[in-house]
*Asks:* 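Sending over a structure as structure tokens; questions will come in a sec.
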Amino acid sequence: MITTEQREKLRGWFAGRLPDDLFEELTEITVDREEITVIGRIPAPRLAEDAPAAERDAALESRVQEFRERTREDRMAVAREAEHRFRRKVSWGVECGGRRSLFTHVAAPVMTRLRQPERQVLDTLIAGGVARSRSDALAWCVRLVQRHTDDWLAELRDSLEHVQRVRAQGPDAEPDHAPPTPDEE
């Protein structure tokens, strides 16, 4: 978990480091222990207002693919620098025409122990065709909880930031103005 100030510094670093013409707008930077995900807005393709949905979908997909190929070297250079500086992998995505597409992202393994009733929930999701494996079923459950508890999770994150600030003021913190030691007097 990083603080709001750390997140702002990270966003500022990317805003300053990304080539000016890469995105129309840097829309989101998300960070966790393993990964930084950078998402920017790119221009949507110009289509007739009455373009069919299939044409619109194909145009958006093509625009995203073109952007991904054209900017690969620039994005990789920024990612190498950021990975060295922040010790996390960098993933990329775009928003285009109201659609979000992630190019690359980390799929981090998570180990857990589940009791039988919990495993049965996962197995029911598999049997129902919602997931292919227990891993997929668990990821589905996490996304469902995330969707329905965004406010609660945001409040929890804010509380954790407060705890980090209080810890930083503890006895191991560097004092701003330390009193002189007897040898310095």
Side-chain angles (χ1 to χ4, degrees), residues 2 4 7-83 86 88-110 121-122 124-158:
I2 68 170
T4 300
R7 187 175 293 109
E8 289 168 354
K9 286 181 179 179
L10 185 76
R11 183 177 176 84
W13 185 89
F14 275 96
R17 178 59 184 85
L18 292 173
D20 287 337
D21 61 346
L22 187 67
F23 297 125
E24 285 184 324
E25 177 186 1
L26 179 61
T27 57
E28 184 178 329
I29 293 188
T30 308
V31 62
D32 67 11
R33 287 187 285 184
E34 291 86 19
E35 175 180 33
I36 300 167
T37 303
V38 180
I39 299 176
R41 184 173 298 111
I42 62 173
R46 292 186 209 149
L47 298 168
E49 293 215 13
D50 61 344
E55 181 180 338
R56 190 169 305 284
D57 288 345
L60 288 173
E61 188 175 318
S62 295
R63 174 60 54 93
V64 169
Q65 190 62 33
E66 182 277 333
F67 174 86
R68 183 178 184 186
E69 296 300 324
R70 178 174 45 85
T71 63
R72 179 172 277 126
E73 286 185 31
D74 286 339
R75 290 182 296 105
M76 287 175 63
V78 172
R80 276 192 297 275
E81 198 174 321
E83 287 170 3
F86 300 112
R88 292 171 170 89
K89 289 291 186 188
V90 176
S91 300
W92 298 93
V94 294
E95 289 180 357
C96 181
R99 179 186 297 174
R100 179 175 283 200
S101 301
L102 291 176
F103 303 152
T104 55
H105 48 98
V106 174
V110 178
V121 169
L122 301 181
T124 300
L125 292 171
I126 295 166
V130 173
R132 293 183 313 264
S133 65
R134 283 182 172 172
S135 178
D136 284 347
L138 187 57
W140 185 90
C141 290
V142 169
R143 288 190 303 271
L144 181 65
V145 169
Q146 179 185 20
R147 183 177 304 131
H148 293 290
T149 59
D150 280 341
D151 292 340
W152 182 82
L153 289 173
E155 189 176 335
L156 181 61
R157 287 183 189 108
D158 290 344

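Worth knowing before you read on, the calculation uses all heavy atoms, side chains too, and leaves out hydrogens, waters and symmetry mates.
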*Asks:* Which atom names give the shortest non-hydrogen contact between V78 and R17, and what distance separates them?
*Replies:* CG2-NH1, 3.6 Å
*Asks:* When the ring planes of F14 and W92 are compared, do they come out parallel, tilted or perpendicular, using 30° and 60° as the limits?
*Replies:* perpendicular
*Asks:* Under 3.5 Å, is there a donor-acceptor pair between the side chain of R75 and the main chain of R68?
*Replies:*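 The answer is yes, because a donor-acceptor pair under 3.5 Å joins these two groups.
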*Asks:* Testing D151, V145, L144 for side chain to side chain contact (heavy atoms under 4.5 Å, CB included) with H148, which one passes?
*Replies:* L144
*Asks:* Kindly indicate whether the side chain of I29, heavy atoms from C-beta on, has any atom under 4.5 Å from the side chain of R7.
*Replies:* no
*Asks:* Please round to the nearest 0.5 Å and tell me the distance separating atom CZ of R99 and atom CZ of R56.
*Replies:* 10.5 Å
*Asks:* Rounded to the nearest 0.5 Å, how far does CG of D21 lie from CG of D74?
*Replies:*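 Answer rounded to 0.5 Å: 7.5 Å.
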*Asks:* Locate the shortest heavy-atom distance separating S133 from I126; write the atom from each residue and the value.
*Replies:* C-CD1, 3.4 Å
*Asks:* Of all heavy-atom pairs between L122 and L138, which one has the smallest distance, and what is that distance?
*Replies:* CD2-N, 3.7 Å
*Asks:* Look up atom CD in E83 and atom CZ in R80, then write down how far apart they are to the nearest 0.5 Å.
*Replies:* 9.0 Å
*Asks:* Starting at CZ of R88, measure out to CD of E34 and round the result to the nearest 0.5 Å.
*Replies:* 9.0 Å
*Asks:* Using side-chain heavy atoms (C-beta onward) and a distance below 4.5 Å, is R72 in contact with F103?
*Replies:* no
*Asks:* What heavy-atom pair brings I42 and C96 nearest, and what distance separates the two atoms?
*Replies:*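 In terms of heavy atoms, the two residues are closest at CG1-CB, 3.6 Å.
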*Asks:* How far does CH2 of W13 sit from NZ of K9, to the nearest 0.5 angstrom?
*Replies:* 15.0 Å
*Asks:* I want to check something: taking the side chain as every heavy atom from C-beta on, are F23 and I39 in contact at a cut-off of under 4.5 Å?
*Replies:*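 The answer is no, as the side chains (C-beta and beyond) never meet within the 4.5 Å cut-off.
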*Asks:* Under 4.0 Å between a side-chain nitrogen and a carboxylate oxygen: does that hold for R41 and E95?
*Replies:* yes
*Asks:* Is it true that, when you exclude E155 itself, more than 12 heavy atoms of the residues, nucleotides or ligands shown sit nearer than 6.0 Å to its CD?
*Replies:*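 Open: at most 12 neighbouring heavy atoms sit under 6.0 Å from CD of E155.
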*Asks:* Give a yes or no on this: more than 12 heavy atoms of other residues, nucleotides or ligands lie within 6.0 Å of atom CD of E61.
*Replies:*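 Not more than 12 within 6.0 Å, no.
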*Asks:* For atom CD of E69, is the number of surrounding heavy atoms from other residues, nucleotides or ligands below 6.0 Å larger than 12?
*Replies:*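 It does: E69 CD has more than 12 such atoms within range.
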*Asks:* Which value, rounded to the nearest 0.5 Å, describes the distance between K89 atom NZ and H105 atom NE2?
*Replies:*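 Between K89 NZ and H105 NE2, I get 15.0 Å after rounding to 0.5 Å.
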*Asks:* Does S91 offer a backbone N or O that forms a donor-acceptor pair with the side chain of T37 under 3.5 Å?
*Replies:*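 Flag not set: sc T37 to bb S91 has no pair under 3.5 Å.
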*Asks:* Could you pull out the closest heavy-atom pair between E35 and V106, with the gap in Å?
*Replies:* OE2-N, 2.8 Å
